[in-house]
Amino acid sequence: MKAFISEQLSQIINQLKASGQLPDDFQPRIQIDNTKDKAHGDLATNLALMAAKPAGKKPRELAEQVVSLLQADAGFMQQVSKMEIAGPGFINFFLSQGALTAVVGQVLSEGARFGQSDTGQGEKVQVEFVSANPTGPLHIGHGRGAAVGDCLCRLLQATGWDVTREFYYNDAGAQINNLALSVQARARGLGPEDPSWPEDGYRGDYIQEVARSYMAGDTVVADDQQVKGEADPENTDAIRRFAVAFLRREQDLDLKAFGVAFDVYFLESSLYSEGRVEAAVEQLIANGYTYEEGGALWLRTTDFGDDKDRVMRKTDGGYTYFVPDVAYHLNKWQRGFKKVINEQGADHHSTITRVRAGLQALKVDIPEGWPDYVLHQMVTVMRGGEEVKISKRAGSYVTLRDLIDEVGCDATRYFLAARAPTSQLTFDIDLARSQTNDNPVYYIQYAHARLCSVARQAEEKGYGWNAEAAQACLDQLNTDQEQAVLNLLARFPEVVATAARELEPHQIAQYLRDLAAAMHSWYNAHQFLVDDEAVRTARLALAAATRQVLANGLDLLGVSAPESM
RNA sequence: GCGCCUAUAGCUCAACCGGAUAGAGCAACGGCCUUCUAAGCCGUAGGUUGCAGGUUCGAGUCCUGCUGGGCGCGCCA
């Protein structure tokens, strides 16, 4: 509908240009807004405000002119019942009943596809998220990354992109050594309090479990590997392999319980074994962006906007973490991903400049702002009114698994995805696990369940209907509550498109709350299963359409849509 | 000191690339279950959008400066 009005308005602009009333070079961004207040109609445009100055007219005067031109168009007036000029010069559109109810038929025929679009045109996009080190269980911060990242993927799929979900698996480097040494210490019966406990060793209880399992000779089956514990506390290599496999299996199980599945697990170690790190380094040297100083090799990242140059190769010969990262992203580019989104915690934001600088220095025509980043802020966990500290060192923290077990997958996903990623998040465990009306996720699910229940009872009472019959009755949907629901249903495709474009899954959560609220109000104000067949059929059709959109929206969040509660 | 994020109702958060009277939930107060699920609905109250300037028809939104909070500023990842 917006597109339709927008098209009409741009024709009018052209008419005004042709008659010399607007300068030829006037190119406004035609803006059609959803009104906040029903008194302002269904849609509104600020066109007259934008064009008043170029036209040399008062906004309201110009608005009058636009309205009368629109009124002369019979086809247009079939969709719009009334226009009003309001405030400083807004034109308010009141949609005709036919235009308002058209969405019902559309939802019923498109079903699960309603809301989808083809913006991505089948282009490949890769989303990297979670990418936790295999040095411990996933915690709530990873959970936020998983929820946001997975919802982004769902949004991109819904808008026509060919999505690859990828987990960068950091299985090389110092942290893994540290992990192996920590498990080894436990295997030798040491604890964090012992003087010979490794410096910066991981102190968490889970290390003890890994050590116990290793010493028991257990076999760990992770998705692409199978490792048996050697039960030898002196074999550091065997411990390392076992510990990595063990923790990877744990993470896989956590993600599975969270409803998140990846298409690709990319191993950092493969970048070394396939020579990709070396190749990238050589390219950077050949391009002249490096220099040696103090026994280390430096990359001149300041050429690309960094505030200081960065060490690539340490004096001990090892590479700093961002070097394999550059090689990894070069590989993403070479795999043909023109669009790449990295979902990470904001505490790693300093890597962005470095990775982009490295990619520019490779001189392989990667665009300057590539790849995109979505950074989520920290999560604070509250329990019993007190903050729960997250610390791997201390070994006391809330794991993602704890949350899923305690509050459920649906509520956890909803809470972690329902807020803007840029906003710090307080996760109140007591609130999220409460089965009371404090909990917003149930509010939406309940709306869905109620509509399912209505449909079941309609069937039991023999109130059959079909989409074709319903089409003829839709003019019966004339209560305030029904008009509000219709408006919201019509907005859904636009909400999905905007959320996908801005990479903001929380817009879906917000929308679903609004739709659920409109539905509950409607449900309370009017009986659906009434004797009047036309009214009943129209309401059942709108109820079915609303149920469908609630289900489609919940699916974008990865939250279930129960048929009864 | 520098960079990124942020500041909106008592609390947790929205506000669609600048639009009309800044909205929800929770908490508070008052109503609604012989009627399709009360995990619900209706109503009341709650605000100088951190502060000070600027840009314009119009600013929570954009710009500048201040103040407070978070994160980062390693030859850690």
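Naming: A, B, ... by sequence-line order, numbering from 1 per chain.
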field: Between B:G30 and B:U67 - P atom distance, rounded Å
entry: 46 Å
statement: Applied to residues 492-506 of chain A, the salt bridge (Lys or Arg N to Asp or Glu O under 4.0 Å) test, sequence neighbours excluded, yields A:Lys2-A:Glu494
message: In whole Å, measure the gap between the C1' atoms of B:A27 and B:U44 for me.
response: 15 Å
- prompt: Hey, is the side chain of A:His506 poking within less than 4.0 Å of OP1 or OP2 on B:A15, counting only N and O atoms?
  reply: yes
message: Classify A:Leu425 by what it touches in the nucleic acid, base, sugar-phosphate, or nothing, heavy-atom distance under 4.0 Å.
response: sugar-phosphate
- prompt: Within 45° of the axis and under 6.0 Å from the centre of the six-membered ring of A:Tyr373, does NZ or CZ of A:Arg356 qualify?
  reply: no
Partner set under ring-ring contact (aromatic ring centres under 6.0 Å, His included) for A:Tyr463, not counting sequence neighbours: none
- request: Check whether any side-chain N or O of A:Gln510 sits under 4.0 Å from OP1 or OP2 of B:G23, and answer yes or no.
  value: no
Nearest-angstrom distance, C1' atom, B:G10 to B:C16: 29 Å
field: Ring-ring centroid check A:Phe492 A:Tyr511, cutoff 6.0 Å
entry: yes
Over-ring placement of A:Arg536 relative to A:Phe528, 6.0 Å and 45° cut-offs: no
message: Can you work out whether A:Thr422 or A:Pro88 has the more 5'-proximal nearest nucleotide on RNA chain B?
response: A:Thr422
task: For the residue pair A:Asn177 and A:Gln175, confirm or rule out a side-chain donor-acceptor distance under 3.5 Å.
output: no
message: Just to be sure I understand the rule, does A:Asn92 reach a base, reach only the sugar-phosphate, or reach nothing, if contact means heavy atoms closer than 4.0 Å?
response: base
- request: Mind running a 4.0 Å heavy-atom check of residues 523-541 of chain A against RNA chain B and sending the residues that fall below it, in number order?
  value: A:Tyr523, A:Asn524, A:His526, A:Gln527, A:Phe528, A:Leu529
query: B:A9 and B:A22: how far apart are their C1' atoms, nearest whole angstrom?
result: 11 Å
task: Answer whether the closest heavy-atom distance between the side chains of A:Val66 and A:Leu9 falls below 4.5 Å.
output: yes
- request: For A:Ser423, answer base if it contacts any base atom (sugar-phosphate contacts may also be present), sugar-phosphate if it contacts only those atoms, and nothing otherwise; contact means non-hydrogen atoms under 4.0 Å.
  value: sugar-phosphate
- request: Side chain of A:Arg491 only, please: which of B:A20, B:C16, B:U6 is the nearest?
  value: B:C16
task: Indicate for each nucleotide in nucleotides 68-76 of chain B, in 5' to 3' sequence, whether protein heavy atoms under 4.0 Å reach the base (B), only the sugar-phosphate (S), or nothing (-).
output: -BSBSSSBS
query: Thinking salt bridges, do A:Lys332 and A:Glu166 make one under a 4.0 Å N-O criterion?
result: no
message: Any base atoms under 4.0 Å from A:Asn34, or only sugar-phosphate, or nothing? Heavy atoms, all strands.
response: base
message: Filter on salt bridge (Lys or Arg N to Asp or Glu O under 4.0 Å), then keep only pairs touching residues 311-326 of chain A, sequence neighbours left out; what's left?
response: none
- request: Determine the stems involving RNA chain B; a stem requires 3 or more consecutive pairs of the Watson-Crick or G-U wobble kind, each with both distances below 3.5 Å, and the answer is none if no such run exists.
  value: B:1-7 with B:67-73, B:10-13 with B:23-26, B:28-32 with B:40-44, B:50-54 with B:62-66
field: Rounded interatomic separation in angstrom, taking CZ from A:Arg60 and P from B:G58
entry: 17 Å
Integer-rounded Å distance: B:U35 P and A:Lys461 NZ: 12 Å
task: For nucleotides B:U49 and B:G18, find the distance between their C1' atoms and express it as a whole number of Å.
output: 15 Å
query: Looking only at atom P, what distance separates B:C11 and B:G3, rounded to whole Å?
result: 31 Å
query: Once you round it to whole Å, what is the distance between C1' of B:C13 and CG of A:Asp514?
result: 13 Å
field: Below 4.0 Å: OP1/OP2 of B:C41 and any side-chain N or O of A:Tyr443
entry: yes
field: Rounded distance in Å between the C1' positions of B:A38 and B:C32
entry: 9 Å
task: Select base, sugar-phosphate, or nothing to describe what A:Gln445 touches, counting heavy atoms under 4.0 Å on all strands.
output: nothing
statement: So salt bridge (Lys or Arg N to Asp or Glu O under 4.0 Å) across residues 480-492 of chain A, not counting sequence neighbours, yields A:Glu482-A:Arg539
- line: Across all chains, not counting sequence neighbours, the salt bridge (Lys or Arg N to Asp or Glu O under 4.0 Å) partners of A:Asp514 are none
- prompt: What integer distance in Å separates A:Gln507:CD from B:A15:P?
  reply: 6 Å
task: Using only side-chain N and O atoms of A:Arg450, determine if any of them is under 4.0 Å from OP1 or OP2 of B:A38.
output: yes
- prompt: When the C1' atoms of B:U6 and B:G50 are considered, how many whole Å apart are they?
  reply: 11 Å
Within the sub-3.5 Å range, which N or O atoms of nucleotides 43-49 of chain B have a protein N or O partner, and how far apart are they?
none

message: Between A:Tyr168 and A:Tyr328, is there a side-chain heavy-atom distance shorter than 4.5 Å?
response: yes
query: Among pairs that include at least one residue of residues 445-457 of chain A, which meet salt bridge (Lys or Arg N to Asp or Glu O under 4.0 Å), considering only residues two or more places apart or in two chains?
result: none
query: Taking syn as any angle within 90 degrees of 0 and anti as the rest, which one fits B:C33?
result: syn
message: List the residues meeting salt bridge (Lys or Arg N to Asp or Glu O under 4.0 Å) with A:Asp532, not counting sequence neighbours, and say none if there are none.
response: none
- prompt: Taking CG from A:Asp33 and C1' from B:G19, how many angstroms apart are they, rounded to a whole number?
  reply: 7 Å
message: Check this one for me: any side-chain N or O of A:Thr498 less than 4.0 Å away from OP1 or OP2 of B:C17?
response: no
statement: When rounded to whole Å, the CZ to P distance for the pair A:Arg356 and B:C4 reads 13 Å
query: Does a side chain donor of either A:Thr353 or A:Asp306 reach within less than 3.5 Å of an acceptor in the other side chain?
result: no
task: With A:Arg513 as the cation and A:Tyr443 as the aromatic partner, state whether NZ or CZ is under 6.0 Å from the six-membered ring centre and within 45° of the axis.
output: yes
For RNA chain B, the residues among residues 39-55 of chain A that have a non-hydrogen atom under 4.0 Å from it: A:His40, A:Ala44, A:Asn46, A:Leu49, A:Met50, A:Lys53
statement: A:Arg513 CZ to B:A39 C1', in whole Å, measures 11 Å
- request: For the pair A:Ser560 (side chain) and A:Pro562 (backbone), establish whether a donor and an acceptor sit closer than 3.5 Å, ignoring hydrogens and angles.
  value: no
query: Within a reach of under 6.0 Å around NZ of A:Lys38, are more than 12 heavy atoms found that belong to other residues, nucleotides or ligands?
result: yes
message: Tell me whether A:Gln251 contacts the main-chain N or O of A:Asn133 through its side chain, where contact means a donor paired with an acceptor under 3.5 Å.
response: yes
message: What is the separation between atom OH on A:Tyr414 and atom C1' on B:C26, rounded to the nearest whole Å?
response: 13 Å
message: Does B:A22 have OP1 or OP2 under 4.0 Å away from a side-chain N or O of A:Lys36?
response: no
